[in-house]
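Working notes, beginning with the structure itself.
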Amino acid sequence: RFALEVVRRVRAAVGREFILIFRIAAMDMLEGGMAWHEVVSLAQALEQDGVDIISTHFCWHESPVPTIATMVPRAAFTQVTGRLRRELTVPLITSNRINMPDVAEAVLSRGDADLVSLARPMLADPEWTKKAAQGLESEINTCIACNQACLDHTFGGHKQVSCLVNPRACNETELHYTPTPRPKRIAVVGAGPAGLAFSVVAAERGHEVTLFEASGEIGGQFNVAKRVPGKEEFFETLRYYDAMLKKHQVTVKLNTRVDAQSLREQGFEEVIIATGIRPRVPDIPGVDHPSVMGYIDAVLGQKPIGNKVAILGAGGIGFDVAEVVSHAGPSASTNIEAFAREWGIDFVNHPRGGVTGVTPVIECAPRSIYLMQRKPDALGKTLGKTTGWTHKATLKKRGVSMISGVQYVGIDDDGLHTLVNGEPRTFEVDTIILCTGQEPLRDLFEGLKAVGVNAKLIGGAHEAAELDAKRAIDEASRLAAVI
């Protein structure tokens, strides 16, 4: 009744020529939530009382089902809108995780909606629609649904809303990429997030940029992140940077390790060091034991992982590693059916809220996994405001043990020896994965100083306390905007 009264009063106030859109939860993802016949009857009553368009969304903040995080498949919920569309005559809008033109076209072509709603993708690339219309999809800076600079800032206190992959979002009046009055020859060393962002912005402004990368591909730590189930969207970010490097004619030299002397001899006017980080190896007796490996080896599958695993460090990297080693089956972020099983959603029968009476079924690797940290606090406090709970919930469902207040005493053939809240405990594990922080990789920077070359540090090479692509891209873009 309340919804209908609002519509009638609004219609009376604005007249018939004013477009009136009403947004409803087509599937609220709450135990005991709205039944399908209630959703339909509400929508039909709204239509009868003069609503021109109905916009659908999915879930409320209280829902224990993720709907906007990067672990959610693209267009995962549009089929619900499509089902409702068959009950109405007014146009319907659908939303959630529609981030590329081909996704939107597929939604429309299969009849799931008449219009699609995009929000975060416009922060990532304000020229999204223009590029889509011109067939320039490869140049779209795709929203990766990380929420780190948009929704996490919105709900995390007094922070400026922006975008991890586009620092200009909501900063357009202060961060300008204007043509440079004096083009320079600039060397950028390291093609991770910071090096890529700097190179693209500097070249866009008219500088002559040469990007050196020791490995055979661009991406740096993004090449690790994209291998984590649920973070496949990082492939899109690398596709975007590859396209922009070509468009702005950045000279990219892969498999090229440079030293201070060679950079000096090439006569660059500016040298930007974006060489990233090296994983920190903690001072634990026995840390060189064969059972120990770094997180990069674990994520990239470069070393075998046993069936009893201890993960040392429970920051963002530790949680990512726990996701990798506990995962089995298809990635739910790329498979709607797997996602629905994992989170207990019934798209076919639509019980109350879409979830009532549905038992989640989650596949997991046959391993015993311990995720631990030194701090006595609850694990996951440093994770994103809007996404951290999803990571913790997933690992809990997979039986990952989360242990805080751990002092690492030693490692040997018997396993990992610790004190847990002061009490001795030995974890009889066959694999120990280090996620114990990073150190800036500055060897080249120090070498350049020694030969009199004034270089600048950005990204992890500048500050490696936390691996933070948001900070790295922002810092690099701001420097490139003024150099």
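Numbering of residues begins at 1 and proceeds along the displayed sequence.
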- Message: Within the 3.5 Å criterion, strictly below it, is a donor on Glu213 or Ser215 matched to an acceptor on the partner's side chain?
- Response: yes
- Task: Start with the C-alpha gap between Ile411 and Val292, add the side-chain angles, then the distance that decides, and say whether side-chain contact (heavy atoms from CB on, under 4.5 Å) holds.
- Result: CA-CA 9 Å; Ile411 300 167; Val292 179; 3.8 Å; yes
- Message: As a test of understanding, state which of Thr70, Thr386, Thr154 forms a side-chain hydrogen bond (donor to acceptor under 3.5 Å, both in side chains) with Asn147.
- Response: Thr386
- Test ring-ring contact (aromatic ring centres under 6.0 Å, His included) applied to Phe222 - qualifying residues, sequence neighbours left out: Phe234
- Query: Between the side chains of Ser477 and Asp474, is a donor N or O closer than 3.5 angstrom to an acceptor N or O?
  - Reply: no
- Are Ser95 and Ser117 linked by a side-chain donor-acceptor pair shorter than 3.5 Å? no
- Taking only residues at least two apart or on different chains, which pairs with a member in residues 318-330 satisfy salt bridge (charged side-chain N to carboxylate O under 4.0 Å, His left out)? Lys231-Asp320, Glu323-Arg398
- Taking 4.0 angstrom as the limit, do Lys470 and Asp152 come out as a salt bridge? no
- Give a yes-or-no answer on whether the side chains of His289 and Asp413 include a donor-acceptor pair shorter than 3.5 Å. yes
- Task: Salt-bridge test for Glu233 and Lys226: reply yes if a basic N is under 4.0 Å from a carboxylate O, no otherwise.
- Result: no
- Short question: side chain of Arg168, backbone of Leu175 - any donor-acceptor pair under 3.5 Å? yes
- Note on the structure: Residues passing the side-chain contact (heavy atoms from CB on, under 4.5 Å) test with Arg367, sequence neighbours excluded, are Ile305, Asn307, Val309, Val325, Ala365, Ile369
- Does the separation of the ring centres of Phe445 and His462 fall below 6.0 angstrom? no
- Item | Donor-acceptor pair between Asp412 and His417 side chains, under 3.5 angstrom | yes
- Query: Would a distance-only check, ignoring hydrogens and angles, find a side-chain to backbone donor-acceptor pair under 3.5 Å from Thr356 to Gly32?
  - Reply: yes
- Item | Side-chain (His327) to main-chain (Gly329) donor-acceptor, under 3.5 angstrom | yes
- Side-chain donor or acceptor of Asp125 paired with backbone N/O of Pro121 under 3.5 Å: no
- Item | salt bridge (Lys or Arg N to Asp or Glu O under 4.0 Å) between Arg239 and Glu139, worked out | CA-CA 8 Å; Arg239 179 266 309 150; Glu139 295 185 9; over 6 Å; no
- Just checking, is any N or O donor in the side chain of Ser291 or Thr431 under 3.5 Å from an acceptor N or O on the other one? no
- Message: For Arg120 and Asn99, which I'm curious about, is there any donor-acceptor pair between the side chains at under 3.5 Å?
- Response: no
- Sidechain N-carboxylate O distance under 4.0 Å for Arg227, Glu232: no
- Item | Pairing of Glu174 and Arg478 as salt bridge, 4.0 angstrom limit | yes
